[in-house]
There are 2 protein chains.
Amino acid sequence: MAEPKTRRPLADSTAVHDQVYDSIRQALITGKIAPGVGVSLRSLAAELGVSPMPVRDAVRRLVAERALAINPANKRLSVPSLTAERLEQLELARQWIEPELAARAAPRADEALVRKLKVIDQDLEEALRVGDVDGYMVANHAFHFAIYERAGAEVLLAMAGGLWLQIGPFMRVVFGRVGTGSLPADRHAEAMDALKAKDADGARRAIAADLSEGMDKMRAAVGAGAGLTAPPPTQTVITIP
Amino acid sequence: MAEPKTRRPLADSTAVHDQVYDSIRQALITGKIAPGVGVSLRSLAAELGVSPMPVRDAVRRLVAERALAINPANKRLSVPSLTAERLEQLELARQWIEPELAARAAPRADEALVRKLKVIDQDLEEALRVGDVDGYMVANHAFHFAIYERAGAEVLLAMAGGLWLQIGPFMRVVFGRVGTGSLPADRHAEAMDALKAKDADGARRAIAADLSEGMDKMRAAVGAGAGLTAPPPTQTVITIP
DNA sequence: GACCTTGCATTGTGATCGCAATTACGGGCT
DNA sequence: AGCCCGTAATTGCGATCACAATGCAAGGTC
């Protein structure tokens, strides 16, 4: 691991710690790392073929974003466990911020955005049909944030990103359990219509309804006692592609 | 710098990068580092008498919390400039999350909390009287978060903390310009009364009003054209006590 | 005098090493 | 067999070094 022969020019290209960040972030959002399990810097580094240093950087970011937790006594880090309290607060925050972003995006929406959303939504429905959980979650994320980015609200956008990062493991639990087929994408169509008409209030309502439906399912799954509080084992190796 | 003779036992005591984080965080909140100016890892490290490594860790956290910005081209980091857009979004987020936290804290408030708040509020008024800007801002922060912590809402509390961190530089501009005497603490008394009565809605209104007044002043100061967009010089050394 | 070029200092990034502490595991004792 | 303790491995943290790239400034050219 970590072959020093080919020195990466870095500079303009993405830094290594950013790639590591994206890898772990993807693994978290798609649920490749189960909540409650412990991870180690060196194991992640070996997994990704880099030195522990950029992994430390990436982990710092993720801890600051509450996507990873660090045991204050052990100083060992793990994926935050899924609790009903966390879910409730994350839901509340999402229900406030994401409709707001959609409403702000509406007057700035153009045809290119709607076209882009339509393509994403087709991918989403395709993933739904074949039962591709990862594909569905990636497409869903892309759909929402294609809208949110259009709001031009940097601060709110960053907050929404942090929320999704924290709620990712919940999503995986839900869709890995209930299956993806039960979540219709009707609200996405509503949202696209509202955006096309530059109807801010309509976009707000559509996103709010979309979130409600998704969160209802999550709450049901969590309430039904999904594998939430896994005992924190150590010495666990996770494969990140 | 960095004398390796006395090896810090660290372990249970706070790690160095945490102390560095707190130092920079304090410097940002109290406005010791002006917005727009550039900072460097090595200068900060020399200032604090540590190696650049823990500074990197602390800076990563702060960048993730949007308290520091990093130029994507330069990769040089600086304090985010104060723009009206940022202020507007931060105000919106604060107006939503902080009254919510206050409302959640109300039913869980006890006499010890009210006593603690009273002490903090006395310090606050003392700072106001003598014109101690730093003391005022520290006390104000302590007052609000003594309440918010009582809400028992970890996720929302962390979001509020991030918001304050981002809005700190704005506060400094306001109070360094307008002076501290013009902001009465009446709303704090209202909030304490509501908490004593476990009146959730009263606490929500009191905090909302308190925020409104403070943000009004900030918006006025920013609109009046405070030194917002400072040109980003390099090679700047900041003294952090 | 203005503009370009060259040189040096500084910066962020990553790798490697050392250290203290915790954890895991195995052998020995009761 | 069950428990306990000692040893080895693993972990996070911090320092130092190396390197590519950028920044600034002095010196040279037209």
Side-chain angles (χ1 to χ4, degrees), chain A residues 1-21 23-24 37-64 68-78 231-238, chain B residues 1-21 23-24 37-64 68-78 231-238:
Chain A
M1 62 212 77
E3 304 174 355
K5 50 162 54 178
T6 54
R7 188 72 167 175
R8 189 78 83 336
L10 56 110
D12 56 273
S13 101
T14 62
V16 176
H17 66 85
D18 276 323
Q19 300 177 358
V20 173
Y21 172 82
S23 295
I24 304 179
V37 307
V39 293
S40 87
L41 259 51
R42 284 179 169 84
S43 63
L44 286 173
E47 200 71 41
L48 297 166
V50 297
S51 87
M53 191 59 61
V55 179
R56 261 176 68 176
D57 291 344
V59 163
R60 288 263 179 253
R61 286 180 61 183
L62 291 164
V63 169
L68 283 177
I70 176 169
N71 188 328
N74 278 8
K75 294 175 179 297
R76 255 176 190 79
L77 53 89
S78 60
T234 50
Q235 200 89 353
T236 310
V237 179
I238 315 292
Chain B
M1 68 210 71
E3 304 172 355
K5 50 162 53 181
T6 53
R7 188 72 170 175
R8 189 78 82 337
L10 55 109
D12 57 274
S13 106
T14 63
V16 176
H17 68 87
D18 276 324
Q19 299 177 0
V20 173
Y21 172 82
S23 295
I24 303 178
V37 307
V39 293
S40 85
L41 259 51
R42 284 179 170 84
S43 62
L44 286 173
E47 200 70 42
L48 297 166
V50 297
S51 87
M53 193 57 63
V55 179
R56 261 176 69 177
D57 291 345
V59 163
R60 289 264 181 251
R61 284 179 63 182
L62 292 164
V63 169
L68 283 177
I70 176 169
N71 189 328
N74 281 7
K75 291 174 180 299
R76 255 177 190 78
L77 53 89
S78 60
T234 50
Q235 199 89 350
T236 309
V237 180
I238 315 293

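Keep in mind that the numbers below use all heavy atoms, side chains included, and drop hydrogens, waters and symmetry copies. Chain identifiers are assigned alphabetically (A, B, ...) following the order of the sequence lines, protein sequences preceding nucleic acid strands; residue numbering begins at 1 within each chain.
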[atom1]-[atom2] distance between [X] and [Y], expressed to the nearest 0.5 angstrom:
X	Y	atom1	atom2	result
A:His17	A:Arg61	NE2	CZ	7.5 Å
A:Glu47	A:Leu44	CD	CG	7.5 Å
B:Leu77	B:Arg56	CG	CZ	11.5 Å
A:Leu62	A:Ile24	CG	CD1	5.5 Å

Spacing between B:Leu48 atom CG and D:dA15 atom P, to the nearest angstrom
11 Å
Separation of A:Met53 atom CE from D:dC17 atom C1', in whole Å?
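To the nearest whole Å, that distance equals 12 Å.
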Considering only side-chain heavy atoms of B:Lys75, which listed nucleotide, D:dT16, C:dT13, D:dC13, is closest?
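The answer is C:dT13.
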[X] side chain N/O closer than 4.0 Å to the phosphate oxygens (OP1, OP2) of [N]?
X	N	value
A:Ser40	D:dT10	no
A:Arg76	C:dA24	no
A:Asn74	D:dG12	no

Looking at the base of C:dG14, is there any donor atom on it, or on the side chain of B:Arg56, that sits under 3.5 Å from an acceptor on the other one?
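Side chain to base: pair present.
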Both A:Arg42 and A:His17 contact DNA chain C. Which one's nearest nucleotide lies toward the 5' end?
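Its nearest nucleotide lies further toward 5', so the answer is A:His17.
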